[in-house]
Amino acid sequence: MDEKRAQWGSKLGFILAAAGSAVGLGNIWKFPGKAFEGGGGAFLLMYLLIVPLIGMPAMLSELAVGRASQANVVDSFRRLGHKGYTWVGWMGWAVAFLITCYYSHVGGWVLRYVVSYAVEPGKVYGDPLGYFYGMLGYAPASGVTFLPWAALVFAFLFMAVCAFVIIRGVQGGIEKFNKIGMPALFLILVVLLIRAATLPGSGEGLKYMFSIDAGKVTPQTFLIALSQAFYSLSLGMSIMVTYGSYLPKEENIAKNTFLVCTMDTLVAVIAGFIVIPAVFATLGPDGVGKGGGFAFVSLAGVFEHTPGGAFFGFLFYLLLLFAALTSTVSLIEGIVAFLTERMRWKRTPTTVVTCAAMFLIGCLYTCSQAAFPLKGVWFDFANGVTFPPLCDAMEFLTDRIMIPLCALGTCVFVGWSWKPESAVAEAERCGVKFRLVKAYGFLIKFAAPAAIVVILAVSLFTGTTLS
Ligand code: PFF
């Protein structure tokens, strides 16, 4: 069966696909907002320490598990002789499924905004909040709600593109798509960085990003940075295990880990240096902290006040679109790989059926944003049982519980059962010595699990959202 497994066609193909998975809405949409909340420099500094100390060992472990087992995420732990960890694989698979349901819908909103900036930027500027909520089926001025057809239609289109790429397979679809998407993304990023840096008044934002506010150097900021790092690096889901399983033996996974983490962090930091100075220059600091809708609502103010703004707005959402597409594709690949291998289902119908199911579940997510009062159930020790909007409950479940649990399971598996030496041996199969054996062993056995346990405990006991 092994020789039938798909493999990456080239080194670059894998690196771009893994970076494509990691670089997503998390980097460009979430990171700047978190960096602002965390006091700019203070957050940045912590983030830059967390990536090498916790993110890199965790990613190396996931890639090693995938490549050593040559299996999809559910079967990988069993293949390595540890049946007791199969639940980690199931959890990874399930969280990838749930996340895709809503990640693809947010991708659809982004696609909607690409079109909006191309054809009707004036409408977006005229009433940014009304435009955003209008897409989601709610008119803030009159309080009327209606079917959010615009969001749903674009989410459908977004999902259809992803399904198409997945059906084409690992080399023909995912790899080819990322080879175009990732360089395009870097190019757009550079153009926008130059634009932001040359806006009059952007210096204030730059200063904010470089200054360290001692009051923000807190455990809370640390935890926000930590969970952002996991999300941004695509850890704690089936992705890096699945992508690792398509890697040939002669590939250096340690070097790849370093490259992918570096690229992901670079994009996040650059996005921070685009968004924060641009928002400071046009709207002032108050423009940043507008929660989830910030990338859609506040940024309209930025583009309205920027010469050539509609064009740069279009470019910005195109950038977000590429990032969201490559990440969604990686999530779906993890889901489909399991179904085709374990259930022996065919790739095309499996992709169509799972994507259709995820799109439909995602419709509940979009509809519960503003249009309809659909509720979910939640529990934490601080607030007891609550009934948040369904969309929030879905995110709580994945971000607060499932991702940390799956990441913890993987670290404990590699640190204590499979043993760091096995992961190191896997890393050294390419013939290059891995020099950080001791540090890696310590980080994966103690530091990473301890940090994840703290994230889990804080969200369960205090009810705080950290991701
Ligand atoms: N890393 C992606 C981001 O930063 O947006 C999100 C993501 C994609 C997480 C794929 C996990 C994953 F498997």
Side-chain angles (χ1 to χ4, degrees), residues 16-35 47 50-51 55-56 58-59 62-63 65-66 72-73 88-89 91-107 109-110 158 162 165-166 174 177-178 181-182 185 189 224-246 257 260-272 275 292 295 319-338 358 394-395 397-400 402-407 410 467:
L16 291 182
S21 167
V23 174
L25 295 170
N27 303 59
I28 302 159
W29 178 30
K30 281 193 179 179
F31 185 89
K34 305 247 172 230
Y47 194 84
I50 287 168
V51 169
M56 285 190 191
M59 187 178 292
E62 290 202 10
L63 288 176
V65 167
N72 63 75
V73 68
V88 179
M91 180 84 75
W93 186 85
V95 72
F97 185 94
L98 257 184
I99 287 198
T100 311
C101 295
Y102 59 79
Y103 201 88
S104 60
H105 273 251
V106 180
W109 309 352
V110 173
F158 182 90
C162 295
V165 174
I166 293 287
I174 302 175
F177 182 70
N178 279 290
M182 289 307 285
L185 185 147
L189 210 56
I224 295 175
L226 187 62
S227 65
Q228 170 66 19
F230 267 93
Y231 186 85
S232 188
L233 296 172
S234 295
L235 297 170
M237 276 166 255
S238 40
I239 310 313
M240 290 302 163
V241 174
T242 307
Y243 273 20
S245 76
Y246 299 146
T257 297
V260 173
C261 290
T262 307
M263 272 197 245
D264 185 70
T265 306
L266 201 65
V267 173
V269 172
I270 294 179
V275 173
L319 170 74
L320 261 181
L321 182 69
F322 275 128
L325 276 170
T326 49
S327 295
T328 315
V329 161
S330 76
L331 284 160
I332 303 176
E333 176 60 27
I335 298 162
V336 168
F338 164 68
M358 293 187 292
M394 282 169 86
E395 290 185 32
L397 182 63
T398 52
D399 297 359
R400 294 186 186 185
M402 294 172 83
I403 296 178
L405 267 184
C406 182
T410 313
S467 55

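Whatever order the structure lists ligands and atoms in, that order sets their numbers, starting from 1. Every heavy atom of this structure was used, including side-chain atoms; hydrogens, water molecules and symmetry mates were not.
Side-chain contact, Ser234 with Tyr243: no donor N or O sits under 3.5 Å from an acceptor N or O.
Scanning both residues, Ser330 and Ser21, for their nearest heavy atoms gives OG-OG, 2.9 Å. Between Met56 and Thr257 the shortest heavy-atom distance is O-CG2, 3.4 Å.
Classified by interplanar angle (parallel below 30°, tilted 30° to 60°, perpendicular above 60°), the ring pair Phe177/Phe322 is tilted. Relative orientation of the Tyr103 and Tyr231 rings is tilted, given thresholds of 30° and 60° on the angle between their planes.
Remark: Thr242 engages no residue in a side chain to side chain donor-acceptor pair (under 3.5 Å) (not counting sequence neighbours).
Closer than 4.0 angstrom to ligand 1 lie heavy atoms from Ser21, Ala22, Gly24, Leu25, Gly26, Asn27, Tyr103, Tyr231, Ser232, Ser234, Met237, Ile239, Ser327, Ser330, Leu331.
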